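Below is one structure, written out as structure tokens; comments come after it.
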Number of protein chains: 2
Amino acid sequence: MRVSAKGENGVRAMTILALEFRAGPVPLREIAAREGLSYQFLEQIFLLLRRAGLITSVRGAKGGYALARPPEEIKVGEVLRVLDGPIAPVECVGEGNSDACGRIAACLTRGIWERLRDRMSEVLDEITLADVINTPADST
Amino acid sequence: MRVSAKGENGVRAMTILALEFRAGPVPLREIAAREGLSYQFLEQIFLLLRRAGLITSVRGAKGGYALARPPEEIKVGEVLRVLDGPIAPVECVGEGNSDACGRIAACLTRGIWERLRDRMSEVLDEITLADVINTPADST
DNA sequence: AAAAAGCCGAGTAATTTTATCGGGATTTGG
DNA sequence: CCAAATCCCGATAAAATTACTCGGCTTTTT
């Protein structure tokens, strides 16, 4: 029941872009160095994020990536959906998908996964990147 | 962000044991046939569930498996923890584990995963097998 | 004794995820 | 105009995980 490394690192990278939001585009190499991640792996992640419209890119020297919207307007859930696909504990309860398996009535367990999915989306969609950078580390 | 096939099928199988709770031990072959699953794969699942004390087994002819406790007293979360390990969206926030990565302060994203983990556990631990077999399919 | 079950370690296959490669395309600064 | 910095991107290799199988053993009932 894990988020993928793509998802985890994507959220971290987005957090950095949120921190640097006012400073203009940040080059990938910097992020990679800062988080100790493979440049090329991050590249893949950013490709997806850009295509999904969550970040913008500037090519060439002095280029880099920046959030497409302010940190307050980007939810963690959005990032995760782009990188890991729909938030769904089992295939047959993909978001917006209420009957993929064709044996709804027979499937007593379905309700579990729907409830789980809904609560997962709920948490992830109520946290924005602004929350992430403003929350003190030990607010548990 | 998926539960494994082991987890999904394990919950299904446990649901059947819940339905048959008053009828005595159910043989694996029956469950496998009923759910269209591989007998041998189910065997592995049941081995884990039994070792974890969630089910009991009776060997020999007329044998089979049964819930170790009544359906009201077995939470879906317990089943899932046995089969899929601790409920934790990323490794560093394993349940009961508050500092594995050693860079807590630096890790702004950690709070996300903790909140997610807590809500996931919450849902899964508030649903018992009795709920699963008593909830009408379309209570959405 | 034979059939019906569960027990179990070890091993293979399939799938998914992670990561790398190699070469392009743009932009800036000298 | 050239060189360096940077993003673009399809393809593919490597690694990890997960799913599943095998084979043989033990226990209980009839």
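What you see is a predicted model; the values in this text were computed from it and never measured. Each chain gets a letter, A, B and so on, in the order the sequences are listed, and its residues count up from 1.
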Closest listed nucleotide, where the reference is the side chain of [X] and the choices are [options]:
| X | options | result |
| --- | --- | --- |
| B:Pro27 | C:dC8, C:dA5, D:dA19 | C:dA5 |
| A:Arg59 | C:dT20, C:dG6, D:dC7 | D:dC7 |
| A:Tyr39 | C:dT20, D:dC20, D:dC7 | D:dC7 |
| A:Gln44 | C:dT20, D:dC8, C:dC7 | C:dT20 |
| A:Ser4 | D:dT29, C:dT18, C:dT28 | C:dT18 |
| A:Ser38 | D:dC7, D:dT21, C:dT20 | C:dT20 |
| B:Ser57 | D:dC20, C:dC7, D:dC7 | C:dC7 |
| B:Ala5 | D:dC20, C:dC8, C:dT18 | D:dC20 |

Which residue lies more 5' along DNA chain D, comparing B:Ala61 with A:Val26 via nearest heavy atoms: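 Final value for this comparison: A:Val26.
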Any donor-acceptor N or O pair under 3.5 Å, side chains A:Asp118, A:Ser121: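 Per modelled atom types, A:Asp118 and A:Ser121 side chains form no pair under 3.5 Å.
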Check: B:Glu43 side chain, C:dC7 base, donor-acceptor under 3.5 Å: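 Yes, a donor-acceptor pair under 3.5 Å.
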Does the side chain of [Y] come within less than 4.5 Å of [X]'s, by heavy atoms?
| X | Y | value |
| --- | --- | --- |
| B:Val93 | B:Leu116 | no |
| A:Arg12 | B:Leu108 | no |
| A:Ile112 | B:Leu124 | yes |

Touch class at under 4.0 angstrom, heavy-atom based, for A:Arg51 against every strand present: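 Sugar-phosphate contact only.
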Sugar-phosphate only, base, or nothing, as touched by B:Val3 at under 4.0 Å among non-hydrogen atoms: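 Since no nucleic acid heavy atom lies under 4.0 Å of B:Val3, the category is nothing.
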Upstream residue (5' side of DNA chain C) when A:Val58 and A:Gln40 are each assigned their closest nucleotide: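 Residue closer to the 5' terminus by nearest nucleotide: A:Gln40.
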Gap between atoms [atom1] and [atom2], on [X] and [N] respectively (whole Å):
| X | N | atom1 | atom2 | value |
| --- | --- | --- | --- | --- |
| B:Leu42 | C:dG6 | CG | C1' | 13 Å |
| B:Tyr65 | C:dA4 | OH | P | 17 Å |
| A:Leu28 | D:dC8 | CG | P | 9 Å |
| B:Phe41 | C:dC8 | CZ | C1' | 16 Å |
| A:Glu30 | D:dT6 | CD | C1' | 13 Å |
| B:Leu47 | D:dT21 | CG | P | 16 Å |
| B:Glu8 | D:dC20 | CD | P | 11 Å |
| A:Ile45 | D:dC9 | CD1 | P | 16 Å |

Interatomic distance, A:Ile127 atom CD1 to B:Trp113 atom CH2 [nearest 0.5 angstrom]: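 Going from CD1 on A:Ile127 over to CH2 on B:Trp113, the span is 8.5 Å.
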Common cluster, B:Leu42/B:Leu19, ILVMFWY with side-chain heavy-atom separation under 4.5 Å: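 As far as the 4.5 Å side-chain criterion goes, B:Leu19 and B:Leu42 are connected within one cluster.
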Any B:Arg50 side-chain N or O less than 4.0 Å from OP1/OP2 of C:dC7: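 Yes, such a contact exists.
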